[in-house]
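Take a look at the structure below.
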Number of protein chains: 2
Amino acid sequence: MDKQTITIYDVAREASVSMATVSRVVNGNANVKPATRKKVLDVIEKLDYRPNAVARGLASKKTTTVGVIVPDVTNMYFASLARGIDDVATMYKYNIILTNSDSNNEKEVKVLNTLLSKQVDGIIFMGNEIDDKLREEFKRTKTPIVFAGSVDEENLYARVNIDYVAAVQVEVKNLIDRGNRRVAFVCGPLEQAINGKFRLKGYKQALKSAGIPYDEKLVFETDDTYKTGTLLQPALMAVNATAAMVTDDELAAGIMNGMSDADVKVPDDFEIITSNDTKLTEMVRPKMSSITQPLYDIGAVAMRLLTKLMHNEPVDEKNVLLPYGLMKRESTK
Amino acid sequence: MDKQTITIYDVAREASVSMATVSRVVNGNANVKPATRKKVLDVIEKLDYRPNAVARGLASKKTTTVGVIVPDVTNMYFASLARGIDDVATMYKYNIILTNSDSNNEKEVKVLNTLLSKQVDGIIFMGNEIDDKLREEFKRTKTPIVFAGSVDEENLYARVNIDYVAAVQVEVKNLIDRGNRRVAFVCGPLEQAINGKFRLKGYKQALKSAGIPYDEKLVFETDDTYKTGTLLQPALMAVNATAAMVTDDELAAGIMNGMSDADVKVPDDFEIITSNDTKLTEMVRPKMSSITQPLYDIGAVAMRLLTKLMHNEPVDEKNVLLPYGLMKRESTK
DNA sequence: GATTTAATTGAAAACGTTTTCAATTTGCTG
DNA sequence: CAGCAAATTGAAAACGTTTTCAATTAAATC
């Protein structure tokens, strides 16, 4: 009843060569006489032989599969990275096992272990809150890991990002230079190093350069959702903010719509700058000015980096920083 | 130099039992004496043994991995389905290999074959244009396949969708009832059966019921992108359309913004109804009225269906239709 | 306590490749 | 054409599990 599968042995018999030879031609090994190669290839064609990747994986200890741990594919930011990852993965003949972690460390540990049990050749991790348990699990494995769009304070892992502190510093400075003395910093969870350590640092630096004292009331820690954004207008007004640096596009869209609904004009009465430059920035009215990040490229470069690690090629820089920019649209003056 | 891996054999030796017994306890087989089980479990703990899923896959011919073929994860519609799929997959202890096909049949064939070579236990396919070659490849395998958010005219495969013809029929009827005699049908590629056969059929039926002749000039075949949408206003006005039934949210957002930019008021001068009810519908101003589809659930149910197929459980209905609805927002009167 | 039956175990054969190492062929050189 | 190096091949041992089937042990029956 089972699908009768053609094995390498069948091919060998039919072509009257050994399995070893068939294996060689399948793997493009040069050490096989052209005539033999042709003979084998013909039989492969005739029998419609397809190598079993699982057996191959067991014998060679390589699965040509990498694990990708992502908080939520449903988030445009991560979806873009994932796309970049998949594209260069296929370019290098890898496939990706994609798993959603909801940034939950417990799930991350679990999924990491199942990925490792499946013998993935490498792992790309996205997530910015790494507790001790997870860190420990990371350290246990010799499987190469690279972080994509995720910082590593301990400087242990290869990773690709933009310079978050510089990027927000520049943009907050711009906001200040345009006359905003009270610019809010609206971000996702501060436990996430990318917010709490990097972006916030840039924000503070900009303030400091401008001689403006840091006011804790101006930092709004949120859950990065659109909904939350829509609710923020009263609080923002209450602290007399006239501009906001926001760390997520959906969140920023929420804030902007909340403002509009309360009849505060963006950008005239309130300027907004967001961080991820997803398509959403263009679709919303007014269009949102944003720090630009090469999202797709972050994923792509991360995957490329991972291939180097997997092939034991030298990598010059573990902490790669891709260029950021500013896309001025309509939510800033 | 290699990571010295603990194998089942090491555990067996250390616990002085056979591999078979270790295998049994690892797999939760009931036929093992509690005392033995404990002994083995202790050794497993002590040695930190992790079963090798590849070896397991070879021996058992099950990989607990399913392949997911998706046009583009970067598209919210598919991202939502993918999330639903992954969630129930993990619920049933499966992982997903996610691949982007760009709705390109050639890529789909290729990726299908690599998935099969990797011995996935099942496949979830998203895509609505299936040429003969692809169809043939599908037919060759005995691996269960289910379509998610994708129709199958030949009624060969299990699939989960909503009733596209009924849904657009109802909504176009509403548009007509509200006085629109010229409602445009703006869709993605008509070669895709979901558009060319299903949705268009609903559109025509609504017209017919209302005694309005079908006018080909009112159907706009596009590439489903936001950009294209923004460019459509002149053409829409040229044919005197006063409303549009649109098959994609980003496309619809483009159309709406194009209208606004040209100072035609939505919904007063032009009504728009879209089809996928993604988050975007809420973020855009005016908010877009939409046919509602349980996107996440389509993915989830598809995956659940696949588990049944993989476990040879009976499935009562190959063509599952989930309920649709209408979310009235601000782009319709 | 002798049988019979059920529960528990282990030996060894798959699973379908890759890879090592030695054997065989082939091609050159002089 | 002997002698040697290089190219080509094959035999068989991994790889780390699951699974079958027979053997052993424990429990139950009378």
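Side chains are part of it too, since the values below use all heavy atoms of this structure and drop only hydrogens, waters and symmetry mates. Naming convention: chains lettered A, B, ... in sequence-line order (proteins, then strands); numbering from 1 in each chain.
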Q: Using modelled atom types only, decide if a donor and an acceptor are shared between the side chain of A/Thr65 and the backbone of A/Thr63 within a distance under 3.5 Å.
A: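 Checking the backbone N and O of A/Thr63 against the side chain of A/Thr65, a donor-acceptor pair under 3.5 Å is found.
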
Q: Give the first and the last nucleotide of DNA chain D, reading 5' to 3', that has any atom under 4.0 Å from a heavy atom of chain A.
A: D/dT8 to D/dG16

Output yes when [X] and [Y] qualify as a salt bridge under the 4.0 Å nitrogen-oxygen rule, no when they do not.
X	Y	result
B/Lys133	B/Glu137	yes
B/Asp131	B/Arg135	no
B/Lys46	B/Glu14	yes

Q: Specify the residue among B/Tyr9 and A/Ala30 whose closest nucleotide of DNA chain D lies further upstream toward the 5′ end.
A: A/Ala30

Q) Which residue lies toward the 5' end of DNA chain C, B/Ser60 or B/Thr21, if each is placed at its nearest nucleotide? A) B/Thr21

Q. 5'-most contact on DNA chain C: B/Asn31 or A/Tyr49, nearest heavy atom basis?
A.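 Its nearest nucleotide being more 5', the pick is B/Asn31.
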
**Q.** Divergence of helical axes at both termini of the helix from C/dG1-D/dC30 to C/dG30-D/dC1 - five pairs an end, 10° steps
**A.** 30°

Q. Counting any heavy atom closer than 4.0 Å, what does B/Val17 reach on the DNA or RNA strands: base, sugar-phosphate only, or nothing?
A. sugar-phosphate

Q: Over 60° means perpendicular and under 30° means parallel, so classify the ring planes of B/Phe147 and B/Phe138, tilted if in between.
A: tilted

**Q.** More than 12 heavy atoms from other groups under 6.0 Å of NZ on A/Lys197
**A.**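 Result for NZ/A/Lys197: open.
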
Q: Establish, from distance only, whether the side-chain atoms of A/Arg304 and A/Thr307 form a donor-acceptor pair under 3.5 Å.
A: yes

(Q) Looking at every heavy atom in both B/Leu309 and B/Pro144, which two are closest together, and how far apart are they? (A)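 Answer, listing the atom of B/Leu309 first, then B/Pro144: CB-CB, 3.7 Å.
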
